[in-house]
There are 2 protein chains.
Amino acid sequence: MAVDYDVMSARCPSRVVLHRIGARWTVFVVNALEHGPMRFTALVDRIQGVTPKVLTETLRAMEEDGLLARVEYTEQPPRVEYGLTDLGQSLLVPLRAVREWAESHVPEILEARERAQAARQH
Amino acid sequence: MAVDYDVMSARCPSRVVLHRIGARWTVFVVNALEHGPMRFTALVDRIQGVTPKVLTETLRAMEEDGLLARVEYTEQPPRVEYGLTDLGQSLLVPLRAVREWAESHVPEILEARERAQAARQH
DNA sequence: CTGAATCCAAACCGATACTG
DNA sequence: CAGTATCGGTTTGGATTCAG
């Protein structure tokens with residue numbers, strides 16, 4: 001398996017891809033959808049602190065990248081659901097790991113910050 | 001293993017941690033240091049496109065979070081090296097996976113974008 | 001319900017130049 | 001070598017309001 005792309009190169013397309021993944025809310029959306037499609041309002045509720053505007057922008061960008069599919073049901077009342085595509089599912093694997101790392105290493109990081117803070121007192 | 005932190009909660013400390021990880025250049029620095037400590041200039045060269053200013057800021061933040069250690073050698077000429085701490089090493093695992101995902105899925109994403117672009121022509 | 005529109009503030013980032 | 005200083009521009013995010 002040859003490595004054709006290198007994120008360390010300034011103009012490599014993978015750089016752009018990595019940038020998109022690193023966008024503020026992408027990791028939250030991917031993780032929120034891990035158990036299946038959700039409605040817009042449900043996503044807003046689940047991802048606390050995100051505004052409709054920003055969520056919309058994130059969703060649009062991810063849809064454009066083929067990470068998720070928007071399904072519109074022509075019912076009464078109307079309903080829209082967002083779900084991960086196969087590509088999005090594959091991204092879920094590493095992004096779930098990142099989320100889990102963040103959740104499980106909070107104490108160490110908070111301690112490190114306090115130590116740094118204390119060191120600055122001198 | 002109980003889950004004490006939840007990134008979906010607006011005020012959870014893990015949210016801040018995830019934010020730091022997601023900062024523009026953190027993923028690049030962690031990956032660049034995977035094989036051992038490097039000097040400042042070597043990092044600037046390896047991570048193409050990063051400016052000294054931004055790299056310095058990233059390095060300082062990561063040091064404060066206990067992700068990396070700055071070692072100053074009192075030689076002539078002076079030398080400074082940055083290396084991952086144990087905590088940083090543990091973060092390398094998921095972040096390397098993210099980098100590899102980005103590098104290996106570029107074609108699919110570029111195709112998806114072209115499809116989206118073509119669809120908008122109508 | 002699912003967003004779109006608008007406005008504003010802050011964060012972020014790059015370019016450039018300079019220092020011990 | 002290893003940064004710092006300054007500046008400004010772009011991007012981003014939040015608040016709010018409104019609409020199909």
Side-chain angles (χ1 to χ4, degrees), chain A residues 7-12 15-29 32-33 37-65 68-83 116 120, chain B residues 7-12 15-29 32-33 37-65 68-83 116 120:
Chain A
V7 295
M8 298 299 175
S9 299
R11 260 167 246 137
C12 181
R15 183 63 77 86
V16 184
V17 170
L18 196 45
H19 184 207
R20 272 290 176 84
I21 296 175
R24 194 68 103 230
W25 296 103
T26 302
V27 59
F28 293 95
V29 171
L33 294 177
M38 290 177 73
R39 306 182 61 169
F40 185 86
T41 308
L43 277 171
V44 172
D45 291 346
R46 173 115 184 77
I47 306 172
Q48 290 178 29
V50 74
T51 60
K53 175 199 170 192
V54 173
L55 182 60
T56 299
E57 290 165 357
T58 305
L59 257 23
R60 292 277 176 277
M62 293 176 63
E63 197 186 347
E64 181 171 321
D65 285 356
L68 52 80
R70 180 180 187 276
V71 181
E72 205 163 337
Y73 296 91
T74 53
E75 303 173 346
Q76 211 50 250
R79 188 162 56 101
V80 179
E81 283 199 339
Y82 295 90
R120 268 198 305 275
Chain B
V7 295
M8 298 299 175
S9 299
R11 260 165 248 136
C12 182
R15 182 64 76 85
V16 183
V17 171
L18 197 45
H19 182 208
R20 273 288 176 83
I21 297 175
R24 189 69 101 233
W25 296 104
T26 302
V27 60
F28 295 95
V29 172
L33 295 176
M38 292 177 71
R39 306 181 62 165
F40 185 88
T41 307
L43 277 170
V44 173
D45 292 344
R46 173 111 182 81
I47 307 173
Q48 290 179 29
V50 73
T51 60
K53 176 200 168 189
V54 173
L55 182 60
T56 300
E57 290 167 356
T58 305
L59 257 23
R60 293 277 176 276
M62 291 176 64
E63 198 186 347
E64 180 172 322
D65 285 357
L68 54 79
R70 181 181 185 276
V71 181
E72 205 163 337
Y73 297 91
T74 54
E75 303 172 347
Q76 210 53 248
R79 188 161 56 99
V80 178
E81 284 197 340
Y82 295 90
R120 268 198 304 276

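Just so we're on the same page: letters track the sequence lines, and every chain starts at 1. Quantities reported herein were computed from a predicted structural model and do not represent experimental measurements.
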query: Considering only side-chain heavy atoms of B/Arg39, which listed nucleotide, D/dG3, D/dC1, C/dC12, is closest?
result: D/dC1
- prompt: Looking at five pairs on each end of the helix from C/dC1-D/dG20 to C/dG20-D/dC1, what is the angle between the two axes, given to 10 degrees?
  reply: 50°
statement: Considering only heavy side-chain atoms of B/Thr41, the closest of D/dC1, D/dT12, C/dC12 is D/dC1
Show each protein N/O and nucleotides 14-20 of chain C N/O combination with a separation under 3.5 Å, one pair to a line.
from: C/dG14; atom 1: O6; to: B/Lys53; atom 2: NZ; distance (Å): 2.2

query: Taking the nucleotide of DNA chain D with the closest heavy atom to each, which residue, A/Ala23 or B/Val80, is nearer the 5' end?
result: B/Val80
Heavy-atom donor-acceptor pair, B/Arg24 side chain to B/Val54 backbone, under 3.5 Å: no
- request: Please state whether the phosphate of C/dT2, meaning OP1 or OP2, lies under 4.0 angstrom from any side-chain nitrogen or oxygen of A/Arg60.
  value: no
field: Length of the line joining B/Glu81:CD and D/dA2:C1', which is rounded to integer Å
entry: 13 Å
statement: Separation of C/dT2 atom P from A/Asp45 atom CG, nearest Å, is 10 Å
- line: B/Ala32 and B/Leu43 have their tightest heavy-atom pair at CB-CD2, 3.9 Å
task: Grab the CE-C1' distance between B/Met38 and D/dC1 for me, whole Å please.
output: 15 Å
query: Taking the side chain from B/Arg15 and the backbone from B/Met8, do they hold a donor-acceptor pair closer than 3.5 Å?
result: yes
task: Remember a base hit wins even if backbone is also touched, and classify A/Tyr82 as base, sugar-phosphate or nothing at under 4.0 Å, heavy atoms.
output: sugar-phosphate
- line: Taken to the nearest whole Å, CD/A/Glu57 to C1'/D/dT12 is 8 Å
query: Is the backbone of A/Met62 close enough, under 3.5 Å, to the side chain of A/Thr26 for a donor and an acceptor to pair up by distance?
result: no
- prompt: For B/Tyr82, which of B/Arg39, B/Glu63, B/Arg70 qualifies under side-chain hydrogen bond (donor to acceptor under 3.5 Å, both in side chains)?
  reply: B/Arg70
query: Heavy-atom distance under 4.5 Å between the side chains of B/Phe40 and B/Val80, does that happen here?
result: no
task: Among C/dG3, C/dC12, D/dG3, find the nucleotide with the atom closest to the side chain of B/Phe40.
output: D/dG3
